[in-house]
Amino acid sequence: QVQLVESGGGLVQAGGSLRLSCAASGRTFSRYAMGWFRQAPGKEREFVAAISWSGSSTDYADSVTGRFTISRDNAKNTVYLQMNSLKPEDTAVYCCVARITYSNSNVYSRQENYDYWGQGTQVTVSS
């Protein structure tokens, strides 16, 4: 069992940056593949980024490639999402997700791959 708590959201102007954090409980955090999804008002939830439990593999949605970076610190039980060059269309509630895995390189981009979800943090980008 793992609990996820996101932080770092807020209001930022277009072109600005934010770093989201996701703190996870549980003793086996390093065995969890992690990711971020987002949902904008009136839109379906969509994949943003994913990272393997070792941190050796990452995956990104096309819309954020080159602007967002996912990383993790297993010693701190925390995963991060660095968001640069933010655009108004990045406005959404961002949720951290996790699933246990025994592969040190697998990443997962589908919602149904994940067992644990955080409550989310709001990111608003003004034009």
Indicate the atoms forming the closest heavy-atom contact of [X] with [Y], along with that distance.
{"X": "Ser126", "Y": "Leu11", "answer": "CB-CD1, 4.3 Å"}
{"X": "Thr121", "Y": "Leu20", "answer": "CG2-CD2, 4.0 Å"}
{"X": "Leu81", "Y": "Val48", "answer": "CD2-CG1, 4.1 Å"}

Using the ring of each side chain (for Trp, its six-membered ring), is Tyr94 parallel, tilted or perpendicular to Phe68, with breaks at 30° and 60°?
-> tilted
Parallel, tilted or perpendicular: ring planes of Trp117 versus Phe37, cut at 30 and 60 degrees = tilted
So which of Asp90, Val125, Val123 actually passes side-chain contact (heavy atoms from CB on, under 4.5 Å) with Met83?
-> Val123
Does NZ or CZ of Arg99 lie under 6.0 Å from the centre of the six-membered ring of Tyr116, at an angle within 45° of the ring axis?
-> no
Is it the case that the side chains of [Y] and [X] hold a donor-acceptor pair, with the cut-off being a distance below 3.5 Å and no angle test?
{"X": "Thr69", "Y": "Tyr60", "result": "no"}
{"X": "Gln111", "Y": "Asn113", "result": "no"}
{"X": "Ser17", "Y": "Asn84", "result": "yes"}
{"X": "Ser56", "Y": "Ser54", "result": "yes"}

Any donor-acceptor pair under 3.5 Å linking the side chain of [X] with the backbone of [Y]?
{"X": "Arg45", "Y": "Gln39", "value": "no"}
{"X": "Ser52", "Y": "Ser57", "value": "yes"}
{"X": "Thr91", "Y": "Thr124", "value": "no"}
{"X": "Glu6", "Y": "Cys95", "value": "no"}

Counting only heavy atoms not in Gln119, do more than 12 fall under 6.0 Å of its CD?
-> no
Are Phe47 and Trp36 close enough that their ring centres sit under 6.0 Å apart?
-> no
